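Numbers here simply count residues along the sequence, with the first being 1. As the structure is a prediction and not an experimental result, all values here were calculated from the model.
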Amino acid sequence: MAEAAEVQEAFEGTAPAPACRWFRHIATLLAGVLLFLGLVELPTAPDAHAEPSGSRTVSVAVNSLAPVAPKQDDTLTISGTVTNNGKSTITGAHVDLRVGPQINTRSDIDDIGDRSGFSPGTDGSEVGGNHSQKLQPLAPGISRDFTLSVPVKDLNLGKDGVYQLGVTLSGQADGQSYERVLGIRRTLLPWQPSGTDGKKTQLTMLWPLISATHLTARTESDQQQTPIFPNDDLAAELAPGGRLQQLVALGKGLPITWVIDPDLLATVEAMTKSYRVGGPSGQNVPGKGQAVAKQWLFQLQDAVKDHQVVALPFGDPDLASLAHHGKDVSGSLSHLQSATELASTTVDTILGVKPRTDFAWPVDGAVDSSIVDVATSAGAHNVIARSDSLREAGSSPYAPTAARQIGGGNTAIVADARLSTAFEGEMIKADDSALAVQRFLAQSLMVNKQAPENERSIVVAPQRMPTTSQAQAMATALKGLSDGRWTQPLDLGDAARAKPDPAANQQVPGSGGYPEGLRDQELSTEAFEAIQRTQSTLDSFKVILTSQDRVVTPFGSAIMREMSTSWRGNPRGAAEFRDAVQSYLDQLTRQVHLIKKSDATLSGRSATIPVTVQNGLLQGVRGLRLVLTSSQPNRLKIDDESQQIHVEGGRSQSVKFETRANANGPVQVTARLYSDDGQPYGEPIMFTVHVTSITPMVLLVIAGGVLLLVLAGLRIYLQRKRAAARKAAGGEPGGENGGDSGDDGGSGDGEPEQPGDPEAGTGARNGDPSGSGEKVER
């Protein structure tokens with residue numbers, strides 16, 4: 001099929017000359033003969049429900065190839081699996097190795113593994129000798145393993161370069177009268193048995209140690225500020241066999257440059273102590289990852305010894321999102337500067353090494369002029385780009401050195417796109433992993449063969465968070481280059497200082513050149529506005545705290561995490577994280593508040609109104625003023641409206657305000673906290689003061705009433721005294737019985753007594769005569 005297609009493609013577009021038509025007829029006749037013999041297949045549209053046929057009847061998987069870059073005296077061992085996808089049993093099955101032609105271009109390497117049909121003209125013949133493995137009859141749906149061992153010298157390889165290898169299964173299916181190739185899997189063999197005659201390629205391999213965001217600002221309300229993790233997923237990544245554990249174990253001893261997000265180190269370091277994890281019922285439970293966290297940090301400290309470490313800004317902020325959506329939001333770029341400064345301190349403190357912080361790494365190495373401007377604004381004068389973003393003009397005959405001078409004293413480190421994306425595919429299947437390793441090695445050799453007389457520096461910047469299987473494939477490929485036949489390792493710092501190729505593209509593309517697929521994953525402008533609101537809340541809150549670090553450190557780190565590259569493709573998760581940080585910060589700020597007051601009644605010309613400030617934090621607050629404002633100063637005057645307060649942690653403080661009443665009636669009073677810079681803090685409280693001031697006329701009436709009572713009492717006293725004197729003298733009529741004298745307590749002239757009211761005048765002494773309001777101190 002492939003030969004027929006190639007013959008057809010060879011004649012497409014040619015002039016209809018007689019000789020050409022004659023050759024076309026011959027080619028058509030030849031293709032018909034080959035089809036009749038069953039050696040090739042015509043291309044057909046794929047049908048998911050059609051039965052596999054021809055050389056696609058059996059799927060062949062090459063799970064391992066060792067050594068990955070053999071030498072002349074080695075024995076090549078290939079193992080894998082064959083599976084019968086047809087509906088009939090295959091008899092006489094055998095697996096063979098075929099050596100195809102030498103591959104001459106890097107784009108041809110990309111195509112290997114994509115074609116599944118057998119082509120005798122390009123797939124070569126079976127390797128001679130006893131290197132075939134026979135299999136038992138292969139029933140439909142049945143798989144069988146195979147292993148081929150072939151001395152490299154029996155492959156009859158020619159000059160140095162990259163060769164195509166094919167593993168085929170041949171046999172006879174039911175209804176077929178002869179044997180044919182029923183399945184094939186192609187792979188690559190880089191062939192350079194000895195060191196290169198030219199100059200070796202200097203290869204820089206970045207080894208990223210980055211994870212998703214695992215820690216918010218939430219802590220327990222204790223002196224240790226025990227961190228609370230949303231889940232314990234990070235412990236699984238750190239445990240033996242976990243992704244991060246494998247990255248450290250595999251990276252140890254490899255010629256790599258470590259690229260680390262300091263946030264990961266800070267998070268793991270927090271796990272080495274007591275921490276808690278949010279439970280499904282809302283109850284926090286103790287975390288169980290202390291042991292694996294300590295072990296992982298110990299292994300990492302050992303692995304980075306004698307290696308260059310590049311620290312990304314804390315939290316790995318999304319530079320493209322900042323450039324396209326964040327830079328116009330006030331204060332956003334300041335976070336990048338803070339994250340860069342924190343990165344150096346974090347890595348040095350935890351790992352004991354001084355990292356490089358002058359490298360910026362945008363997502364997938366995609367850059368435009370605005371991204372470069374943002375990336376370099378925080379002091380990173382080296383921007384890691386990729387060759388599919390900073391493309392070469394025209395058709396370059398070779399891959400140039402990675403370093404490019406892009407102006408302003410800045411350098412673009414342009415990673416090779418093919419090498420950098422070699423391990424991005426699904427690597428769970430051993431067949432995919434093995435092919436990725438061979439592609440990587442073949443591409444690296446082809447780079448060297450492009451211009452062996454030119455010494456070049458090539459950088460590989462893989463995906464940010466490789467899976468365990470991807471990391472294993474990367475390590476296998478690097479070990480295949482360990483003998484240095486055509487490459488030699490180079491640190492990223494040295495690659496940045498390499499002499500640029502004068503013919504290489506140094507023009508950073510404009511904003512229109514940024515990939516739309518990546519732009520759709522960016523943080524929005526609204527996200528950066530929400531981040532800035534959190535920062536403003538934190539700025540207002542920290543000025544009143546006596547121990548600012550207890551709040552500024554966890555929330556400052558959380559704000560940096562809100563800009564993380566790891567949120568790409570997860571806008572919902574990013575929004576939930578931002579909301580959780582803001583909500584928790586609001587909850588803390590509300591711990592310092594005014595206690596609500598009920599309405600009060602003010603009697604008299606002056607009184608004291610108390611207002612209470614509650615501090616529910618563990619630390620004291622200061623730098624606050626409590627301001628009491630009267631809505632009607634002409635009725636109720638507050639002498640000292642503003643008072644400075646200082647409340648210890650877990651305490652409350654009552655502040656007393658002296659007031660003067662000038663007229664009766666209700667007055668609305670507002671109490672509010674302000675910071676020293678005049679900004680309102682928290683919510684105000686409002687209450688009503690009922691003024692019942694006593695006027696001079698009321699006092700005069702009361703005095704007159706009291707005087708009348710005194711005179712009445714004096715009169716009664718005098719009358720009784722005279723009556724008693726007459727009785728004692730005995731000379732008065734009726735004196736014997738005393739019944740007619742009127743001396744039983746009545747007045748001499750028969751006027752009844754006017755007893756005094758013991759309750760009179762008490763209303764003025766009652767602080768709340770209505771009985772409904774709050775009593776106010778006098």
- Between the side chain of R243 and the main-chain N/O of P466, is any donor-acceptor distance below 3.5 Å? yes
- Task: Could you grab the distance from atom CG of D348 to atom CG of L265, nearest 0.5 Å is fine?
- Result: 11.5 Å
- Going from CD on E641 to CZ on F657, what distance comes out if it is rounded to the nearest 0.5 angstrom? 9.0 Å
- Item | Residue R651 excluded, over 12 heavy atoms near CZ under 6.0 Å | no
- Nearest heavy-atom pair of P610 and K597: which atoms, and what distance? O-NZ, 2.9 Å
- Would you say the side-chain atoms of Q337 and E341 include a donor-acceptor pair closer than 3.5 Å? yes
- Within-4.5 Å side-chain heavy-atom neighbours: V592 and V647: no
- Query: Which atoms form the tightest heavy-atom contact between I609 and V689, and what is the distance?
  - Reply: CD1-CG2, 3.9 Å
- Just by distance, do the side chain of T357 and the backbone of T340 share a donor-acceptor pair under 3.5 Å? no
- Message: Could you check whether any side-chain N or O of N615 sits under 3.5 Å from a backbone N or O of E648, counting only pairs where one atom can act as donor and the other as acceptor?
- Response: yes
- Audit row: V669, T659, side chain to side chain contact (heavy atoms under 4.5 Å, CB included) steps and yes/no: CA-CA 11 Å; V669 177; T659 62; over 6 Å; no
- Mind checking the OG1-CH2 spacing from T272 to W296? Nearest 0.5 Å is all I need. 12.0 Å
- Indicate yes or no: at least one non-hydrogen side-chain atom of T257 is less than 4.5 angstrom from one of V310. yes
- Message: Given 3.5 Å as the limit, does a donor-acceptor pair link the side chain of Q308 with the main chain of G493, or not?
- Response: yes
- Message: If I take atom OH from residue Y584 and atom OG1 from residue T534, how far apart are they, to the nearest 0.5 angstrom?
- Response: 14.0 Å
- Item | Within-4.5 Å side-chain heavy-atom neighbours: T213 and E562 | no
- Rounded to the nearest 0.5 Å, what separation is found between the NZ atom of K294 and the CG atom of L238? 13.5 Å
- Query: Where is the tightest heavy-atom contact between P362 and I384, given as atom of each residue plus distance?
  - Reply: CD-O, 3.3 Å
- Message: Please enumerate all residues that pass ring pair (Phe, Tyr, Trp, His ring centres under 6.0 Å) together with Y514, with sequence neighbours excluded.
- Response: H324
- Using a 4.5 Å cut-off on heavy atoms from C-beta on, say whether the side chain of Q223 contacts that of R550. yes
- Do any N or O atoms from the side chain of S321 and from the backbone of L523 form a donor-acceptor pair under 3.5 angstrom? yes
- For D364 and A366, indicate whether the former's side chain and the latter's backbone hold a donor-acceptor pair under 3.5 Å. no
- Message: For D373, is there an ion pair with K327 - N to carboxylate O distance below 4.0 angstrom?
- Response: no
- Query: Does R578 use its side chain to pair, donor to acceptor, with the backbone of I531 at less than 3.5 Å?
  - Reply: no
- Task: Spell out, as yes or no, whether a donor-acceptor pair under 3.5 Å connects the side chain of Q643 to the backbone of K656.
- Result: yes
- Message: How about CZ on R672, more than 12 heavy atoms from neighbouring residues, nucleotides or ligands closer than 6.0 Å, or not?
- Response: yes
- Message: Between Q587 and R590, is there a side-chain heavy-atom distance shorter than 4.5 Å?
- Response: yes
- Task: Check whether any side-chain heavy atom of I645 sits under 4.5 Å from a side-chain heavy atom of L673, and report yes or no.
- Result: yes
- Side-chain donor or acceptor of T688 paired with backbone N/O of P666 under 3.5 Å: no
- Item | Residues that S675 engages under side-chain contact (heavy atoms from CB on, under 4.5 Å), provided they are two or more places apart | V543, D677, Q679
- Going by distance alone, is a donor N or O of one side chain under 3.5 Å from an acceptor N or O of the other, for E658 and T608? yes
- Message: With a 3.5 Å distance limit and no angle check, can you tell me whether S564 reaches the backbone of R561 through a side-chain donor-acceptor pair?
- Response: no
- Message: Is there a side-chain contact between F555 and L588 in this structure, where contact means two heavy atoms from C-beta onward sitting under 4.5 Å apart?
- Response: yes
- Those residues at least two apart in sequence (or on a different chain) that pass side-chain contact (heavy atoms from CB on, under 4.5 Å) with A671 are L594, V611, L626, L628, I685
- Taking every heavy atom of P317 against every heavy atom of L336, the minimum-distance pair comes out as CG-CD1, 3.7 Å
- Do the non-hydrogen side-chain atoms of M271 and D232 ever get within less than 4.5 Å of each other? yes
- Item | L351 and I260: CA distance, side-chain angles, deciding distance, side chain to side chain contact (heavy atoms under 4.5 Å, CB included) verdict | CA-CA 11 Å; L351 295 184; I260 301 176; 3.9 Å; yes
- Message: Between H381 and T411, is the side chain to side chain contact (heavy atoms under 4.5 Å, CB included) condition met? List the steps.
- Response: CA-CA 6 Å; H381 300 297; T411 301; over 6 Å; no
- Item | Over all atoms of both residues, closest heavy-atom pair of V383 and A375 | CG2-CB, 4.2 Å
- Query: Can you check salt bridge (charged side-chain N to carboxylate O under 4.0 Å, His left out) on D318 and R568, steps first, answer last?
  - Reply: CA-CA 9 Å; D318 192 335; R568 278 190 169 247; 2.7 Å; yes
- Note: Y674 and V627 closest approach over all heavy atoms is CD1-CG2, 3.7 Å
- Query: Side chains of T226 and R276: do they bring a donor and an acceptor to under 3.5 Å?
  - Reply: no
- Task: Walk me through it: do Q535 and H335 pass the test side chain to side chain contact (heavy atoms under 4.5 Å, CB included)?
- Result: CA-CA 10 Å; Q535 182 64 56; H335 298 305; 3.1 Å; yes
- Could you give the distance from CG (D316) to CG (L319), rounded to the nearest 0.5 Å? 7.5 Å
